[in-house]
Amino acid sequence: MINPDRNVTTAARIASSIGEQIISGALQPEAFRQLEAQHLVVSAPRRGVRVAPLDANSVREIAEMRAALEVVALRNAAPRLTPAQLAGIELALIEADNAETLSEFESANRAFHRALVASCGMPRLLSSLDGLQLANSRLVFAMARSAPWRPRSNQDHRLILQALRSRNIDQACSLLARHIQTIERLAVPAG
């Protein structure tokens, strides 16, 4: 096993870990293609693979795509939501409120958004949203590196759930679109 030294850089530790996984067979040849398909890495001829950059255009693209597609999914899911599904959405909201770390919060946030749209009956759309949600999570973690994360209540999530319980689908969709676009406003400085 490759023995990482304490003074080794993060990049060297990651390279060592990936190397060990390749050697052991745990990392399959198509793993980098999958990461590339998720836009987490980019591949350049004769330059190799590197972590995909997070620039203003990427942030806008992720926010606009999520806002459009998640609203389509919610519009189709909302009429089908059962009381049990609404309770599951509320549970994810409570878990996010009670999160003590950014990782706990982001996991609960993804669960909330997934629960909102899970019953839309559109598996391709859900698959696309899963990828966009992961990209969104990457933005959240990147923003936390420049400003410390602190536990908070998510009023937007509460308002979306309230609109769904009232069967006000248009309001829920409008609130959801605004909520998703907030990350773009937070991540991309006005210019």
Side-chain angles (χ1 to χ4, degrees), residues 31 34-35 37-40 51-52 54 58-187:
Q34 290 173 350
L35 293 173
Q38 293 175 321
H39 305 284
L40 295 174
V51 174
L54 273 177
S58 297
V59 172
R60 273 189 206 91
E61 179 183 26
I62 292 163
E64 288 181 23
M65 287 179 69
R66 264 194 72 215
L69 297 178
E70 202 164 322
V71 165
V72 168
L74 181 60
R75 194 165 297 285
N76 283 276
R80 300 176 176 151
L81 289 172
T82 65
Q85 290 168 321
L86 288 167
I89 294 168
E90 183 173 22
L91 179 61
L93 186 154
I94 291 167
E95 288 174 357
D97 283 350
N98 292 332
E100 294 182 10
T101 67
L102 179 57
S103 291
E104 289 175 4
F105 170 79
E106 192 50 32
S107 178
N109 183 58
R110 282 194 309 270
F112 175 85
H113 284 273
R114 179 64 164 164
L116 284 177
V117 300
S119 64
C120 74
M122 302 172 136
R124 286 181 201 86
L125 179 57
L126 291 174
S127 179
S128 294
L129 285 172
D130 287 344
L132 289 168
Q133 187 63 48
L134 286 175
N136 186 83
S137 294
R138 185 172 173 221
L139 295 173
V140 170
F141 283 105
M143 289 186 320
R145 285 192 292 275
S146 63
W149 179 81
R150 61 187 184 283
R152 62 176 173 77
S153 173
N154 194 321
Q155 187 62 23
D156 285 353
H157 285 187
R158 280 188 167 52
L159 293 172
I160 293 165
L161 179 59
Q162 183 179 23
L164 289 172
R165 284 204 166 121
S166 301
R167 297 294 181 193
N168 189 337
I169 296 171
D170 288 339
Q171 182 184 24
C173 289
S174 175
L175 290 165
L176 178 62
R178 187 191 74 202
H179 168 69
I180 292 169
Q181 290 164 339
T182 298
I183 194 154
E184 180 182 352
R185 289 191 298 276
L186 293 173

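Since the model is a prediction, treat every value here as computed from it, not as a measurement.
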List the atom of [X], the atom of [Y], and the distance in Å for their closest heavy-atom pair.
| X | Y | value |
| --- | --- | --- |
| Ala78 | Ile169 | CB-CG1, 3.6 Å |
| Ala111 | Ala92 | C-CB, 3.9 Å |
| Leu129 | Glu70 | CD2-N, 3.6 Å |

Restricting to side-chain hydrogen bond (donor to acceptor under 3.5 Å, both in side chains), what partner residues turn up for [X], sequence neighbours left out?
| X | value |
| --- | --- |
| Arg110 | Ser137 |
| Arg80 | none |
| Thr82 | Gln85 |
| Asn168 | Gln171 |

Got a list of side-chain donor-acceptor pairs under 3.5 Å for residues 115-124, not counting sequence neighbours?
from	atom 1	to	atom 2	distance (Å)
Ser119	OG	Ala77	O	3.4

Which residues pass the side chain to side chain contact (heavy atoms under 4.5 Å, CB included) test with [X], not counting sequence neighbours?
| X | result |
| --- | --- |
| Ala96 | Phe105, Ala108 |
| Ala68 | none |
| Glu61 | Met65 |
| Glu104 | Ala99, Glu100, Thr101 |

When rounded to the nearest 0.5 angstrom, what distance separates CG in Asn109 from CD in Glu95?
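The distance works out to 12.0 Å.
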Side chain to side chain contact (heavy atoms under 4.5 Å, CB included) between Leu81 and Ile89: does it pass, once the steps are laid out?
CA-CA 10 Å; Leu81 289 172; Ile89 294 168; 4.2 Å; yes
So, do Ile180 and Val71 sit near enough that their side-chain heavy atoms are less than 4.5 Å apart?
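No, their side chains stay 4.5 Å or more apart.
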Which ring pair (Phe, Tyr, Trp, His ring centres under 6.0 Å) pairs, counting each pair once, include a residue from residues 109-134, with sequence neighbours left out?
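Ring pair (Phe, Tyr, Trp, His ring centres under 6.0 Å) check on residues 109-134 returns Phe112-His157, His113-His157, His113-His179.
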Restricting to pairs with a member in residues 161-182, which pass salt bridge (Lys or Arg N to Asp or Glu O under 4.0 Å), not counting sequence neighbours?
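Passing the test, one end in residues 161-182: Arg75-Asp170, Glu90-Arg165, Asp156-Arg178.
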Just do the side chain to side chain contact (heavy atoms under 4.5 Å, CB included) check on Leu161 and Leu86 with the steps written out, would you?
CA-CA 8 Å; Leu161 179 59; Leu86 288 167; 4.0 Å; yes
